[in-house]
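Everything numeric in this text was worked out from a predicted model, so none of it was measured. When a residue number appears, it is its place in the shown sequence, counting from 1.
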Amino acid sequence: TSENADLSDRVQTLSKSYEELIIENENLAKELKELTKTSQNTEDELTARINILKEDLHEADKRADNSERQVVYLLKRVQQQEDLVAAYMEDYKGTGQFIDDSMNELIDI
């Protein structure tokens, strides 16, 4: 009967639609798996990059500490040189006065 034929056609249409949905679901599952894999790879890459940047930052901190120590050392050396120059200047003033006094004595003779 025509009613049975209509129902049969509807069952076939629904079966096709169901099969298409199953295939689409499988494709979406594969795509999700790929995206998850890609996401994990991206996360791993970002984690690796972050770790490298952390190591670089640590090395830069070490170099900065070393540079700071070198600057402090050089500043101390400059201060020592300035102190030494000041001492020489004092010695020179004393020597200069001695020379002046000696010259005056020679002139007086």
Side-chain angles (χ1 to χ4, degrees):
T1 69
S2 104
E3 199 174 308
N4 283 345
D6 285 345
L7 285 176
S8 178
D9 286 346
R10 285 187 69 198
V11 166
Q12 282 183 332
T13 302
L14 288 173
S15 289
K16 266 188 186 178
S17 293
Y18 181 71
E19 287 173 18
E20 288 170 358
L21 286 173
I22 289 174
I23 292 170
E24 186 177 343
N25 191 24
E26 287 172 357
N27 290 338
L28 288 172
K30 287 177 188 176
E31 190 176 335
L32 179 61
K33 187 176 178 181
E34 272 303 307
L35 287 172
T36 302
K37 186 177 176 183
T38 301
S39 174
Q40 184 62 46
N41 288 342
T42 302
E43 185 178 339
D44 292 346
E45 288 173 18
L46 289 174
T47 301
R49 287 182 191 165
I50 287 170
N51 289 335
I52 289 169
L53 289 173
K54 283 181 181 177
E55 288 174 20
D56 290 349
L57 180 61
H58 182 68
E59 286 300 315
D61 283 344
K62 279 185 188 177
R63 286 193 303 273
D65 287 345
N66 288 338
S67 294
E68 185 178 352
R69 275 190 235 114
Q70 287 176 350
V71 166
V72 169
Y73 171 76
L74 290 174
L75 287 173
K76 286 179 183 177
R77 293 279 299 160
V78 165
Q79 185 62 51
Q80 289 172 348
Q81 294 298 318
E82 287 176 351
D83 293 346
L84 191 58
V85 167
Y88 283 140
M89 293 298 287
E90 281 301 313
D91 286 347
Y92 175 75
K93 283 180 188 175
T95 304
Q97 187 62 45
F98 175 75
I99 291 171
D100 287 345
D101 291 346
S102 297
M103 291 297 277
N104 287 336
E105 284 178 25
L106 285 174
I107 292 172
D108 288 341
I109 295 177

*Hey, is K62 close enough to E59 for a salt bridge, meaning N to O under 4.0 Å?*
yes
_Measuring from atom CG of N27 to atom CD1 of I22, what distance do you get when rounded to the nearest 0.5 angstrom?_
12.0 Å
_Exceeds 12 heavy-atom contacts within 6.0 angstrom, atom CD of E3_ = no
*Step by step, work out the side chain to side chain donor-acceptor pair (under 3.5 Å) result for N51 and E55.*
CA-CA 6 Å; N51 289 335; E55 288 174 20; over 6 Å; no
*For atom CD of E68, decide whether the heavy atoms of other residues, nucleotides or ligands shown that lie under 6.0 angstrom number more than 12.*
no
*So do E82 and V85 actually touch side chain to side chain, heavy atoms under 4.5 Å?*
no
*At what distance, to the nearest 0.5 angstrom, does CZ of R10 lie from OG1 of T13?*
9.0 Å
_Using 0.5 Å steps for rounding, measure from the OH atom of Y18 to the CG atom of N25._
9.0 Å
*Report the distance from atom CD1 of I50 to atom CG of L57, rounding to the nearest 0.5 Å.*
12.5 Å
*Take V72 and K76 through the test side chain to side chain contact (heavy atoms under 4.5 Å, CB included) and record every step on the way to the result.*
CA-CA 6 Å; V72 169; K76 286 179 183 177; 3.9 Å; yes
*asked:* Applying side chain to side chain donor-acceptor pair (under 3.5 Å) to Q79 and D83, what does each step give before you reach the verdict?
replied: CA-CA 6 Å; Q79 185 62 51; D83 293 346; 2.9 Å; yes
*Apply side chain to side chain contact (heavy atoms under 4.5 Å, CB included) to Q12 and D9, showing your working.*
CA-CA 5 Å; Q12 282 183 332; D9 286 346; 4.0 Å; yes
*Going by atom types only, do Q70 and N66 share a side-chain donor-acceptor pair under 3.5 Å?*
no
*To the nearest 0.5 Å, how far apart are CZ in R69 and CG in L74?*
13.5 Å
*asked:* Measuring from atom OG1 of T36 to atom CD of E31, what distance do you get when rounded to the nearest 0.5 angstrom?
replied: 10.5 Å
*S67 side chain vs R63 backbone, donor-acceptor pair below 3.5 Å*: yes
